[in-house]
Amino acid sequence: MNKVILAGRLVRDPEVRYTQTGKAVASFTLAVNRRFSRSADQQQTADFIPIVVWDKLAEVCGNNLVKGSQVLIEGRIQIRSYDAQDGSKRYVTEVIAQELEFMGSRPTSAPAPTQQFGGAQMQTSSPVMGGAAASFGSEVPPDEEIPF
């Protein structure tokens, strides 16, 4: 069984590209804390793990994640090889993410996510971003009909 579960923070903004067939692929590095103890004191270091995300989830990452975002990733380890320009064979170990969960609060530099309902695009706000109490009830325009 090849299954990996990681929790950490993005080292930099995700890089989203598209293949020749139009598939979205996002890549970023995740910093994951590793605790180890020597004698009585406990030290902490981080592992920097390359993550690759495909298809719709890659677009979600590109639109909602920024440097410092805290995420939980479930996926598999993949090892691939390629020939470098100098003729040597290089190996790359990366995690192919199959599921991703947002953790913690949204960093202040991230845009608020937008949701689309019936052709009208609305911006959601969260209490972390501030202004949730001030914008309470302003998300539905007065001329919109509430469906219940």
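Just so you know, these numbers use all the heavy atoms, side chains as well, and skip hydrogens, waters and symmetry mates.
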Q: Taking the side chain from Arg9 and the backbone from Ala31, do they hold a donor-acceptor pair closer than 3.5 Å?
A: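 Not a single qualifying donor-acceptor pair exists.
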Q: Once you round to the nearest 0.5 Å, how far does SG of Cys61 lie from CG of Asp13?
A: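 If we round to the nearest 0.5 Å, Cys61:SG and Asp13:CG are 12.0 Å apart.
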Q: What are the two closest non-hydrogen atoms of Ala26 and Ala58, and how far apart are they?
A: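 The answer is N-CB, 3.5 Å.
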Q: Specify the closest pair of heavy atoms between Gln98 and Gly75, including all atoms of both residues, with the distance to one decimal.
A: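 Answer, listing the atom of Gln98 first, then Gly75: OE1-CA, 3.7 Å.
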Q: Under the side chain to side chain donor-acceptor pair (under 3.5 Å) test, which residues partner Arg76, sequence neighbours left out?
A: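 Here the qualifying residues are Gln78.
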Q: Measure the spacing between NZ of Lys3 and CD1 of Ile77 and express it to the nearest 0.5 Å.
A: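 Atom-to-atom, Lys3:NZ and Ile77:CD1 are 13.5 Å apart.
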Q: Atom CZ of Phe28 and atom CD1 of Ile49: how far apart are they, to the nearest 0.5 Å?
A: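 If we round to the nearest 0.5 Å, Phe28:CZ and Ile49:CD1 are 11.0 Å apart.
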Q: Should Tyr18 and Val53 be counted in the same cluster of Ile, Leu, Val, Met, Phe, Trp and Tyr side chains packed under 4.5 Å apart?
A: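 No, no single cluster joins them.
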Q: How long is the span from the OH atom in Tyr91 to the NZ atom in Lys89, to the nearest 0.5 Å?
A: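 These two atoms lie 4.5 Å from each other.
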Q: Would you name the heavy atoms of Ile5 and Glu74 that are closest together and state the gap between them?
A: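 Looking at all heavy atoms of both residues, the closest pair is CG1-CG, 4.1 Å.
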Q: Looking at CG of Asp55 and NZ of Lys23, how far apart are the two atoms once the value is rounded to the nearest 0.5 Å?
A: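 The CG atom of Asp55 sits 5.0 Å away from the NZ atom of Lys23.
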Q: Could you report the tightest heavy-atom contact between Phe48 and Pro50, atom names first, then the distance?
A: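 Closest pair (atom of Phe48, atom of Pro50, distance): O-CD, 3.8 Å.
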Q: So Leu10 and Lys67, do their side chains get closer than 4.5 Å, heavy atoms only?
A: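 Lys67 vs Leu10: side chains apart.
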Q: Tell me, please, which residues at least two apart from Lys56 pass side-chain contact (heavy atoms from CB on, under 4.5 Å).
A: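 For Lys56, the residues satisfying side-chain contact (heavy atoms from CB on, under 4.5 Å) (neighbours in sequence not counted) are Glu59.
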Q: Between Leu65, Leu72, Ile51, which is the residue that forms a side chain to side chain contact (heavy atoms under 4.5 Å, CB included) with Leu100?
A: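 Testing Leu100 for a side chain to side chain contact (heavy atoms under 4.5 Å, CB included) against Leu65, Leu72, Ile51 leaves exactly one candidate, Leu65.
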Q: Supply the atom-to-atom distance Gln70 CD to Leu30 CG, rounded to the nearest 0.5 angstrom.
A: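 With rounding to 0.5 Å, CD (Gln70) is 9.5 Å from CG (Leu30).
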Q: Search all heavy atoms of Val4 against all heavy atoms of Val95 and return the closest pair with its distance.
A: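 Taking Val4 first and Val95 second, the nearest heavy atoms are CG1-CG2, 4.3 Å.
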Q: Is there side-chain contact between Ser27 and Arg17, with at least one heavy-atom pair below 4.5 Å?
A: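 The answer is yes; the side chains approach within 4.5 Å.
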Q: Val92 and Val32: same hydrophobic cluster, using ILVMFWY side-chain contacts below 4.5 Å?
A: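 Cluster IDs for Val92 and Val32 differ.
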Q: Output yes when Arg34 and Asp47 qualify as a salt bridge under the 4.0 Å nitrogen-oxygen rule, no when they do not.
A: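 Salt bridge flag = yes for Asp47 with Arg34.
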Q: Nearest heavy-atom pair of Val16 and Gly62: which atoms, and what distance?
A: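 Scanning both residues, the minimum pair turns out to be CG2-CA, 3.5 Å.
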Q: So if you build clusters from Ile, Leu, Val, Met, Phe, Trp, Tyr with side-chain heavy-atom gaps below 4.5 Å, do Val11 and Val66 land together?
A: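 Each belongs to a different hydrophobic cluster.
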Q: What's in the same ILVMFWY side-chain cluster as Val52, cut-off under 4.5 Å, chained through other members?
A: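 Val25, Trp54, Ile96, all in the cluster of Val52.
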